[in-house]
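Worksheet: the structure to be examined is printed underneath.
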Amino acid sequence: MVHILLFAGLAQQAKTEKVTIDVNSPLSVEEIRGLLQNQVGPLKGIEHALVAVNEEYVELTDQVKDGDTVAFIPPVSGG
Amino acid sequence: MVHILLFAGLAQQAKTEKVTIDVNSPLSVEEIRGLLQNQVGPLKGIEHALVAVNEEYVELTDQVKDGDTVAFIPPVSGG
Amino acid sequence: MKRFNITNEPINNQDVIDQVIHHNAGAVSVFIGTVREMTGDKQTKFLHYEAYVPMAEKQLQKIGEEILVKWPKAITAISHRIGTLQISDVAVTIAVSTPHRQDAFDASRYAIERIKEIVPIWKKEHYTDGEEWVGNQKGTEAYPAGHPEGVEK
Amino acid sequence: MKRFNITNEPINNQDVIDQVIHHNAGAVSVFIGTVREMTGDKQTKFLHYEAYVPMAEKQLQKIGEEILVKWPKAITAISHRIGTLQISDVAVTIAVSTPHRQDAFDASRYAIERIKEIVPIWKKEHYTDGEEWVGNQKGTEAYPAGHPEGVEK
C-alpha cells in the first residue's frame with residue numbers, strides 16, 4: 001500500500017486528505033499521480049504540485065515502493 | 001549665562017558634566033568652545049564634537065545667547 | 001520549545017527570540033509576519049493556514065542549516081502558526097542572531113524568502129467576498145520547473 | 001510607553017513591538033542590539049551607556065519621521081537602554097511595521113544606521129584589560145565634516 005497525502009486546494013477537490021493505493025510493484029511518482037486521479041477524479045493543478053516521498057522532495061521519475069507516503073504539495077504560501 | 005553640557009570622554013576630561021559661562025553679548029559656538037576650554041582646560045577631541053544649542057544641532061558659526069544650553073556631542077556610539 | 005516549530009497556539013515572540021540570544025550575539029533580527037486586513041482592494045476577514053506538519057518542521061530546520069552555511073555564526077529559530085488567524089495575529093516569527101548586524105538582517109530576510117519557497121504551509125484567505133487558497137490558482141505562482149529553485153533532493 | 005524612548009530599565013521587546021502592530025501591518029522587522037562578549041580578541045566584561053536624554057529622544061523621533069518620508073506606511077518604535085549593561089542584555093530594540101516585508105527590513109536597517117549617526121548616546125566598553133569610550137578616540141570615527149551626513153539643521 002502507498003499512502004497519499006493531499007493538501008489545500010487538492011484536498012478540497014478530492015474531498016479527502018488521505019488516499020491509499022494498492023501497489024504490487026514499484027511505480028514512478030508520475031504513475032502514482034495517474035492512479036490517484038483514476039481513484040478520486042481529476043485534480044486541477046496537480047501538475048504544479050511538488051511531490052515528497054516520506055517527507056523529502058522527489059522527482060516525478062523517482063520510484064515509490066510499498067509502505068511509502070507520497071505527499072502532493074501545491075505551491076506553498078506560508079509566511 | 002550660557003549652560004554648557006559635556007558628555008562621555010569630554011565630561012571625563014573636564015571632570016564635570018555641566019559648566020556655566022557668563023556672557024554679556026551674543027557669541028559664536030566657536031567662541032563658546034574657546035571660553036569653555038579657558039575655564040576647564042584643553043579638551044582633547046572637542047574639535048570632533050558636534051554642537052547642539054537647545055537640543056538642536058548647529059554650526060560653529062551660529063550665535064549663542066544668554067540662557068541657551070550648549071551641548072558638546074562627541075562622536076556618538078549608541079545602538 | 002523547539003527551535004523550528006509549527007504550532008496551533010498563538011506565537012510568543014520573546015520565546016522565539018530567547019532561542020537565539022547568546023553571549024556572542026550582538027544583533028538579533030526578528031521578522032514577524034502578521035495578518036493584514038487589506039490586500040489591494042480586497043478585505044480579509046480572517047485566514048486559515050494548514051501545513052504538512054512533520055515535513056514543514058524539517059524544512060524549517062533545513063532553512064536554519066542553509067543559513068548556518070551562508071552565515072556561519074548565525075543562530076536561527078522559526079515558529080509558524082497554523083489554524084485560524086484573525087487580523088493582526090502573528091503568523092510567523094523568525095529570529096536570527098549574529099555577531100554583527102548586517103548578517104542578522106540578511107539571514108532573516110533569507111529565511112522568510114525560503115519559507116515561501118520550500119516549506120509545505122498553505123494559506124487560505126477568507127475575504128469579505130469569498131475565499132481562496134493563496135498561490136494555488138495562478139500559473140505565475142506555480143513552481144516554474146516542478147521544483148522551487150534550490151530545493152535539495 | 002513612549003514610542004521613542006531612552007530608559008534606565010531593561011527593555012521589553014514585546015512592548016516595543018506592540019507599539020507598531022496594527023490592522024494594515026503585514027510585516028514587522030525588529031532589530032535587537034545585545035551586548036556581545038568578544039570583539040576581535042577583546043573581551044567585554046560589561047558596558048556603560050550614557051545619553052543626552054531629552055535630545056536623544058527627539059533624535060529617535062526624527063528617525064521615525066525620516067522613515068515615514070521614505071516608507072510612507074511605516075510605523076516605527078525605538079527604545080534604547082542606558083546605564084550599566086551585562087553580556088546579552090538588550091541595548092536597543094527597533095520595531096518597524098509596514099504592509100509588505102521588504103520595506104520593513106529596509107526601514108529597520110535604516111533606523112539602526114541612523115541611531116549610530118545622529119542620536120547622542122555613548123557607549124563605554126569595560127574590557128577585561130581596560131575601558132574606553134567607543135567612537136571617541138579614533139579620528140576615523142569622528143564626524144568627517146563637523147556634521148554627520150544628513151543631520152538637519
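Lettering follows sequence order; numbering is per chain, from 1. What you see is a predicted model; the values in this text were computed from it and never measured.
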Quick one: pull up CD1 in C:Ile121 and CD1 in A:Ile73 and give me the separation to the nearest 0.5 Å. 11.0 Å

In Å, rounded to the nearest 0.5 Å, how long is the span from OH of A:Tyr57 to NZ of C:Lys62? 8.5 Å

Nearest heavy atoms of C:Ile115 and A:Val76, plus distance in Å: O-CG2, 4.1 Å

Answer with side chain, backbone, both or neither: which region of C:Ala111 has an atom nearer than 4.5 Å to a non-hydrogen atom of chain A? neither

Return the CE to CG distance between C:Met55 and A:Leu5, rounded to the nearest 0.5 Å. 10.5 Å

Residues C:Tyr49 and A:Gly79: closest non-hydrogen pair is OH-O, 2.9 Å

Any donor and acceptor pair, going by atom type alone, linking the side chain of C:Trp122 with main-chain N or O of A:Pro74 inside 3.5 Å? yes

Ignoring hydrogens, what is the shortest heavy-atom contact between A:Ser77 and C:Lys123? Give both atom names and the distance. OG-N, 2.8 Å

A:Glu55 and C:Tyr52: which non-hydrogen atoms are nearest, and at how many Å? CG-OH, 3.4 Å

